[in-house]
Amino acid sequence: MPELPEVETTRRQIEKIMRGRRIERVDTTEPSYFFLTPPDRLRRRLGGRRIERLDRAGKYLLAELDDASHLLLHLGMTGQLFSSEAASVRLLSATARSSLSPEAQTRFEPDQHTHLRFVFEDRGTEVFFRDVRKFGKVEWLAPGQSSPRLDLLGIDALLVTGELLFDVGRHRKTSIKAILLDQSVSAGIGNIYADEALFLAGVRPGRAARRVTRRECEAIAGFVRQVLERSIETGGSSINDYVAPDGSDGGYQDERKVYARTGEPCLRCETPIKRKLVAQRSSHYCPGCQK
DNA sequence: ACCGCACCCTGAGCGC
DNA sequence: TGCGCTCAGGGTGCGG
């Protein structure tokens, strides 16, 4: 779900709200898998700090604080970072929504899945991090402390080149899709945009990376950059239950050509789209267009 | 060094 | 109506 475009869209919207503001306090849920830094420590470290900026590295968000420490966030599969200003019941599933009172449906209240709540000193708009499945992550980094997670990231996917994919691919004994999903090669591509870019490039996801030509690698890289940029332009997104921080649906859903279109006719040649497991991810491709 | 796989977690959707 | 099953994909870590 949240791949580079969704994370970048989130960054742009949330930075506007967080930047330059001082945190009065942070509310958290209980310790869990989600917290790389224990929640009590997180509350202590963040209280009183001003947020200088919000950056993105691959699918990670990195907030810089005024004491030179950093807050690292990852949305995982179901993470949502949003503001109270824009928060709406659209963040909840249809069934969860229908169980709420009409009043509760118009104003967001933190629930058991809301792991972080930023309350600012000016008591204005609040920011929430909600994550149902807890695949998301939050970690506080002391000044100067490096993060293995960040250090492992390859070049940002918006800058990926065919040359890089070709050079990496020729030495690996795995599929081209696995290369695209490998965050240490290029950071930011997820399952959906990988399928879309491979479709546009005419290369099947399961093809051995070493069998992909230099020319094809150039095409793949070009389409990766294109679909990511296009998705950011349209407000980022790719999947049914993604909701942007302002509560709106992402705009990219209507542009998917293969992802989640199993059995439907290819938009180019009308061959039914196939679904197959590649790199432990459901992968969608057109047997007619992709070789 | 690299690959494939199990696992972390919860909700939606489906068949019976 | 409700139970049990499968699926969803982000990342980590381990065995081969």
Side-chain angles (χ1 to χ4, degrees), chain A residues 1-10 29-36 56-62 72-81 89-100 111-115 129-139 147-154 157 167-198 205-211 228 236-243 250 252-253 256 258-263 275-284:
Chain A
M1 322 211 157
E3 302 182 29
L4 187 150
E6 292 73 40
V7 177
E8 176 60 22
T9 300
T10 298
T29 47
E30 296 298 301
S32 72
Y33 189 74
F34 174 83
F35 293 99
L36 296 175
R56 179 186 61 75
K59 299 173 196 170
Y60 287 92
L61 288 170
L62 191 65
L72 186 63
L73 303 170
H74 196 291
L75 299 176
M77 292 279 305
T78 52
Q80 303 165 313
L81 191 64
V89 290
R90 304 187 59 179
L91 293 161
L92 305 174
S93 68
T95 46
R97 190 157 60 224
S98 63
S99 67
L100 298 174
D111 59 1
Q112 73 269 31
H113 303 303
T114 307
H115 304 296
F129 189 159
R130 186 171 185 269
D131 183 6
V132 170
R133 290 176 68 184
K134 288 189 260 191
F135 280 17
K137 293 280 174 283
V138 56
E139 182 177 24
S147 162
R149 294 162 198 277
L150 291 182
D151 294 344
L152 274 176
L153 297 181
D167 287 344
V168 171
R170 61 191 303 192
H171 301 299
R172 297 271 193 100
K173 209 190 158 189
T174 188
S175 62
I176 181 64
K177 178 158 179 182
I179 302 291
L180 291 179
L181 294 178
D182 186 338
Q183 302 297 296
S184 71
V185 175
S186 72
I189 305 169
N191 200 38
I192 296 164
Y193 295 108
D195 280 3
E196 294 297 315
L198 287 169
R207 172 116 64 96
R210 68 213 296 187
R211 304 268 183 246
L228 296 180
S237 181
S238 44
I239 200 158
N240 316 350
D241 55 358
Y242 171 79
V243 180
Y252 196 76
Q253 295 181 44
R256 291 191 313 242
V258 283
Y259 187 83
R261 292 196 65 244
T262 310
R275 176 179 172 275
K276 187 186 168 191
L277 213 58
V278 175
Q280 286 73 246
R281 291 284 180 264
S282 66
S283 303
H284 312 74

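Chain letters run A, B, ... following the sequence lines, proteins first, then strands; residues in each count from 1. Quick note: numbers below take in every heavy atom, side chains included, and nothing from hydrogens, waters or symmetry partners.
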Nucleotide by nucleotide, nucleotides 11-16 of chain C touches protein heavy atoms under 4.0 Å in the pattern (B base, S sugar-phosphate only, - none) BS----

What is the distance, rounded to the nearest whole Å, between atom [atom1] of [X] and atom [atom2] of [N]?
| X | N | atom1 | atom2 | answer |
| --- | --- | --- | --- | --- |
| A:D182 | B:dC2 | CG | C1' | 10 Å |
| A:L75 | B:dT10 | CG | P | 18 Å |
| A:K177 | B:dC3 | NZ | P | 16 Å |
| A:M77 | C:dC7 | CE | C1' | 10 Å |
| A:L150 | C:dG10 | CG | P | 18 Å |
| A:L277 | C:dA8 | CG | P | 8 Å |
| A:K173 | B:dG4 | NZ | C1' | 12 Å |
| A:I192 | C:dG10 | CD1 | P | 7 Å |

Taking 4.0 Å as the cut-off, does a side-chain nitrogen or oxygen of [X] come that near to OP1 or OP2 on [N]?
| X | N | answer |
| --- | --- | --- |
| A:S282 | C:dA8 | yes |
| A:Q280 | B:dC5 | yes |
| A:H171 | B:dA1 | no |
| A:K134 | B:dC8 | no |
| A:S32 | B:dC9 | no |

[X]: which residues meet the side-chain contact (heavy atoms from CB on, under 4.5 Å) condition with it, sequence neighbours left out?
| X | result |
| --- | --- |
| A:A57 | A:L150, A:L153 |
| A:T114 | A:F108, A:P110, A:D111, A:F128, A:R130 |
| A:L36 | A:K137, A:E139, A:R149 |

Report the residues that fulfil salt bridge (Lys or Arg N to Asp or Glu O under 4.0 Å) with A:R281, sequence neighbours left out, ordered by chain and then residue number. none

A:K59: what forms a salt bridge (Lys or Arg N to Asp or Glu O under 4.0 Å) with it, not counting sequence neighbours? none

Separation between the P atoms of C:dG11 and B:dA1, rounded to whole Å: 23 Å

A:H284: which of A:V278, A:L198, A:T262 passes side chain to side chain contact (heavy atoms under 4.5 Å, CB included): A:T262

Enter the distance from A:Q112:CD to A:T29:OG1 here, rounded to the nearest 0.5 Å. 10.0 Å

For a stem of at least 3 consecutive Watson-Crick or G-U pairs with distances under 3.5 Å, i pairing with j, i+1 with j-1 and so on, which stems involve DNA chain B? B:2-8 with C:10-16, B:10-16 with C:2-8

Mind jotting down which residue pairs meet the salt bridge (Lys or Arg N to Asp or Glu O under 4.0 Å) criterion with at least one end in residues 176-190 of chain A? Sequence neighbours excluded, please. A:R172-A:D182, A:K177-A:D195

Under the rule for ring pair (Phe, Tyr, Trp, His ring centres under 6.0 Å), what residues qualify as partners of A:H113, not counting sequence neighbours? none

Restricting to non-hydrogen atoms, name the atom on A:V7 and the atom on A:Y60 that form the minimum distance, rounded to 0.1 Å. CG1-O, 4.1 Å

A:N191 has a side chain; which of C:dG10, B:dT10, C:dA8 sits nearest to it? C:dG10

Within the structure shown, what part of the strands sits under 4.0 Å from A:G79 by heavy-atom distance: base, sugar-phosphate, or nothing? nothing

